[in-house]
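Whatever order the structure lists ligands and atoms in, that order sets their numbers, starting from 1.
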Amino acid sequence: MEPKRFRISDSLVPMDIRASTNPMTVRARSCLDRLNARHPWSHNDHFHGWILRNLPEQRRRALDVGCGRGALIAALADRFAHVEGTDHDQTMRDVATQRTAELANVTVTAHQLDELAGPYDLITMVAVLHHLDLDRTLAQIRRLLAPGGRFLVVGLAPPVSTADQVWDLTSAVANPLIGIVKHPRPAATRLAPQFPVMDPTIPFDELCARFAAELPGSRLRRRLCFRYTAVWTNAQVI
Ligand SMILES: C[S@@+](CC[C@H](N)C(=O)[O-])C[C@H]1O[C@@H](n2cnc3c(N)ncnc32)[C@H](O)[C@@H]1O
């Protein structure tokens with residue numbers, strides 16, 4: 001049998017830790033899974049601070065697409081004159097409506113982007129864009145965003161390139177450490193209804209190209225926590 005040749009590229013391309021069947025990787029993965037289960041935290045809510053630090057100057061109307069359980073629309077309520085959360089899932093809308101019941105300037109609806117009339121000063125999507133048709137959605141954002149308004153995305157992309165995989169591996173290691181810092185005590189069982197999820201299919205490099213084509217000047221960055229962020233400010237004169 002021919003001996004396996006070592007290739008330089010083998011040492012440069014990090015392994016896909018989700019797919020690997022190497023026994024050491026499998027053991028490390030199950031250890032990380034156990035730690036993550038004991039110290040769970042929301043990767044999505046983790047980015048709310050980033051959103052709140054990047055709000056546009058004008059704060060009339062904000063729209064959170066796919067608002068899920070409504071944590072972000074509640075956080076935006078005292079920063080905008082009116083906040084709308086949309087979600088096509090009835091359970092999510094019920095939870096979000098209940099959560100924001102005391103906030104008179106918040107509404108929760110089932111509207112799709114093409115049913116909405118702008119302009120909005122802020123449109124956010126947290127872990128939602130990969131549920132939607134990318135090009136149609138970006139075109140709707142152009143239509144709906146006010147001059148000077150801002151589109152903020154916290155998104156997911158599959159790890160495809162070497163750079164993606166390095167970020168993925170780093171996130172996998174950082175994940176339980178962040179969980180332990182955020183929730184030092186092991187968690188009790190989760191009670192909140194789980195929202196609909198979907199695996200992302202468009203890699204980060206392709207997202208950058210398609211954002212650049214539809215929303216010139218947009219900035220995308222890979223982040224820890226298995227996420228990327230995207231920012232586009234509608235530069236039309238106010
Ligand atoms: C992974 S969850 C994220 C929820 C929330 N943004 C958060 O950060 O917790 C994705 C959400 O997008 C919603 N969603 C998926 N497709 C949608 C659509 N076409 N219109 C509105 N909401 C949608 C799902 O119902 C789900 O609540």
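- Atom 19 (N) of ligand 1 has its closest protein heavy atom at Gln112 OE1, 2.9 Å.
- Taking the six-membered ring where the residue is Trp, Phe211 and Tyr228 present perpendicular rings, their angle passing 60° and hence far from 30°.
- For Arg136, the salt bridge (Lys or Arg N to Asp or Glu O under 4.0 Å) test picks out no residue, with sequence neighbours left out.
- Scanning the protein heavy atoms around atom 25 (O) of ligand 1, the nearest turns out to be Asp87 OD1, 2.5 Å.
- Considering only non-hydrogen protein atoms, atom 3 (C) of ligand 1 sits nearest to Val126 O, 3.5 Å.
- Classification of Arg79 and Asp121 as a salt-bridged pair fails, no side-chain N sitting under 4.0 Å from a carboxylate O.
- Close approach of ligand 1 to Met92 is summarised as follows: ligand atoms under 4.0 Å from at least one heavy atom of the residue are 27 (O).
- Nearest non-hydrogen protein atom to atom 7 (C) of ligand 1 is Asn44 ND2, 3.8 Å.
- Nearest to atom 2 (S) of ligand 1 among the protein's heavy atoms is Phe195 CD1, 3.4 Å.
- Only the side chain of Leu132 comes within 4.0 Å of ligand 1, judged by heavy-atom distances.
- Between the side chains of Thr233 and Arg150, at least one donor N or O sits under 3.5 Å from an acceptor N or O.
- A side-chain donor-acceptor contact under 3.5 Å links Arg143 to the backbone of Leu113.
- Counting only non-hydrogen atoms, the option in His111, His88, His46 that gets closest to atom 14 (N) of ligand 1 is His88.
- Between the choices Ala127, Gly85, Gly66, the shortest heavy-atom distance to atom 10 (C) of ligand 1 belongs to Ala127.
- Checking Thr91 against Asp94 by side-chain atom types alone, no donor-acceptor pair falls below 3.5 Å.
- Heavy-atom proximity to Asp89, at under 4.0 Å, picks out these atoms of ligand 1: 25 (O).
- Side-chain N/O atoms of Asn234 and Arg142 include no donor and acceptor closer than 3.5 Å.
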